[in-house]
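Note on naming: letters A, B, ... go to the chains in the order of the sequence lines (proteins, then strands), and numbering restarts at 1 for each one. All values below were derived from every heavy atom in this structure, side-chain atoms included, with hydrogens, water molecules and symmetry-related copies excluded.
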Protein chains: 2
Amino acid sequence: MAEAEKTQPKFHRLEADERREALINATIRCLARLGPRATSVREICAEAGVSPGLLRHYFEGKDDLVAQAYLHLTSKLNERVESFLLDQAQPPESRLEQLFLHILTEEWVSDEILGVWVAFWSLQRSDERLSNLHRVYNREFRDLIGKVLEELAAEREIKTNIRLAAISLSSLLDGLWLELCLDPDGFSAQEGIAICRSWLDGFLGRDVHDGMRNAKA
Amino acid sequence: MAEAEKTQPKFHRLEADERREALINATIRCLARLGPRATSVREICAEAGVSPGLLRHYFEGKDDLVAQAYLHLTSKLNERVESFLLDQAQPPESRLEQLFLHILTEEWVSDEILGVWVAFWSLQRSDERLSNLHRVYNREFRDLIGKVLEELAAEREIKTNIRLAAISLSSLLDGLWLELCLDPDGFSAQEGIAICRSWLDGFLGRDVHDGMRNAKA
DNA sequence: GTGTTACTTATACGACTGTAAAACAAAACG
DNA sequence: CGTTTTGTTTTACAGTCGTATAAGTAACAC
């Protein structure tokens, strides 16, 4: 019990925004490491290095925290997607190429993202506000894709149903992303990207099979 | 306390298979109605009309029961899909049409299926056997699609990568199904089917946009 | 140095969790 | 009818859950 040791503070305070973000990141890590079931209030707070009671000072409860984690990640995704999808400096086709790479590459195909998504889907049914949250994010994403497709269709004088085309591409991306997360050995990210390119070939009136034939695993 | 009432038995016995299936169906209903979190052992057994202890006489535990429910549904799906996807009496194209209808229609787009799927995905990370289960089912489904596409490619002399094409179509179906479950007002089942038809148009070398333009909501 | 603020911890509570094991009762067999 | 078998219930337990509340203490103002 030397007095020198007593000078170390038992905890240090953080600003509200910092603490909130720390708890959100801890939640994401816990969901990735333990899954939705074992991610308890105590586990999250231990991961964040704080005591269990603190969670309720910054969030309505555990479910709210999970929802905020989902919101945090979707916002980040949509921001980044928007930043290079609406970048007029590049041709639309290579902007979409960047999108494919971003969604089907390790950064986004991860236990962290899948964990939060599955946990959110579990909660979505119970709470109508969460359904709205998902709807808003999802349509935002779809509309971003729609805008690029519209540019593309306009400059090449393609007559189509932009809304359905956007739904098609976003669903294809979602499906590829999910299958890649659930079974990483089913196909490679490169093959997923080749599939997306092929979709784009069809949209632009090119042969759908040209790019598929010599896609590397 | 009339003696006549005492003649009613307090419970009736079932054969092992029947009781197992009753518990599986109860699990599916609970997951649909309450979500994965609130679906407890007691809730499942109450739904099945039996006492809580009975679950452990037929299953290793709650998680095992959920996995069996997933297995039950995936087997049913793949059986039905196989029955009309490999039906040589019909042309390949209309067999695929049936597939689109089956996957994107109310029977398969339901809280019951989504509930079991999300619950299973939550468990998948923890248990490697469950990952294998998912892989087997998923590749079975993909291979079935691949066989039809192969027939189609052969008879029309289309040179392509069948494996990637099958991954593409199955991912598109998965994505459309999931988005339809999570946000039923985002687009209609008819629009989803139109999107799948358009994919098939591309595969067959036809114009991708023809069918999209006048798809009804 | 003292007082105030509010962020953080510590502790506790009631409810619910999944599971184990013993008691029971219905059906099958003798 | 008596006995055995076994599907089913009942009860109990140890553990964990999310949350509420009070005590504590670091940081800031003065």
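In terms of phosphate contacts, B:R19 brings a side-chain nitrogen or oxygen within less than 4.0 Å of OP1 or OP2 of D:dT8. A close approach under 4.0 Å does occur between a side-chain nitrogen or oxygen of B:S40 and OP1 or OP2 of C:dT17.
Listed nucleotides: D:dT19, D:dT8, C:dT9. Nearest to the side chain of A:V50: C:dT9. Each of D:dT10, D:dG7, D:dA20 was ranked by its minimum atom distance to the side chain of B:P52; first place goes to D:dT10. If you check C:dT19, D:dT25, C:dA26 against the side chain of B:P9, the one that comes closest is C:dA26.
Counting heavy atoms from C-beta outward, B:L31 and B:E112 have side chains that stay 4.5 Å or more apart. At least one side-chain heavy atom of A:L164 sits under 4.5 Å from a side-chain heavy atom of B:E191.
Within 4.0 Å of B:L55, counting heavy atoms only, lies no atom of the nucleic acid at all. At a threshold of 4.0 angstrom between heavy atoms, the contacts of B:H57 include nucleobase atoms, whether or not backbone atoms are also involved. In this structure, A:G61 reaches the sugar-phosphate backbone alone: every heavy-atom distance under 4.0 Å involves primed, P, OP1 or OP2 atoms, never a base. Backbone-only contact: A:Y58 has heavy atoms under 4.0 Å from sugar-phosphate atoms and none from a base.
Summarising the geometry, the separation between CZ on A:R37 and C1' on D:dG18 is reported as 16 Å, rounded to the nearest angstrom. Atom pair B:R20:CZ and D:dG7:C1' shows a separation of 15 Å (rounding to whole Å applied). Taking atom CG on B:L14 and atom P on D:dT9, their separation rounds to 11 Å, with Å as the unit. Atom pair A:I44:CD1 and D:dT19:C1' shows a separation of 14 Å (rounding to whole Å applied). Following rounding to the nearest Å, B:F11 (CZ) and C:dA27 (C1') show an atom-to-atom distance of 10 Å. To the nearest angstrom, C1' of C:dA10 lies 17 Å from CZ of A:R56. Nucleotide D:dT9 holds its P atom 6 Å from the CG atom of B:L54, rounded to whole Å.
Inspection of the B:R135 and B:N132 side chains reveals an N or O donor paired with an N or O acceptor under 3.5 Å. Side-chain polar atoms of A:W199 and B:S168 form no donor-acceptor pair below 3.5 angstrom.
B:R42 contributes a side-chain N or O that forms a donor-acceptor pair with the base of C:dG18 under 3.5 Å. Side-chain to base pairing of A:R13 with D:dA27: no donor and acceptor N or O lie closer than 3.5 Å to each other.
At most 12 non-hydrogen atoms from other residues, nucleotides or ligands lie less than 6.0 angstrom from CD of A:E128.
For B:S51 and A:G53, each mapped to the nucleotide of DNA chain D holding its nearest heavy atom, the one lying further toward the 5' end belongs to B:S51.
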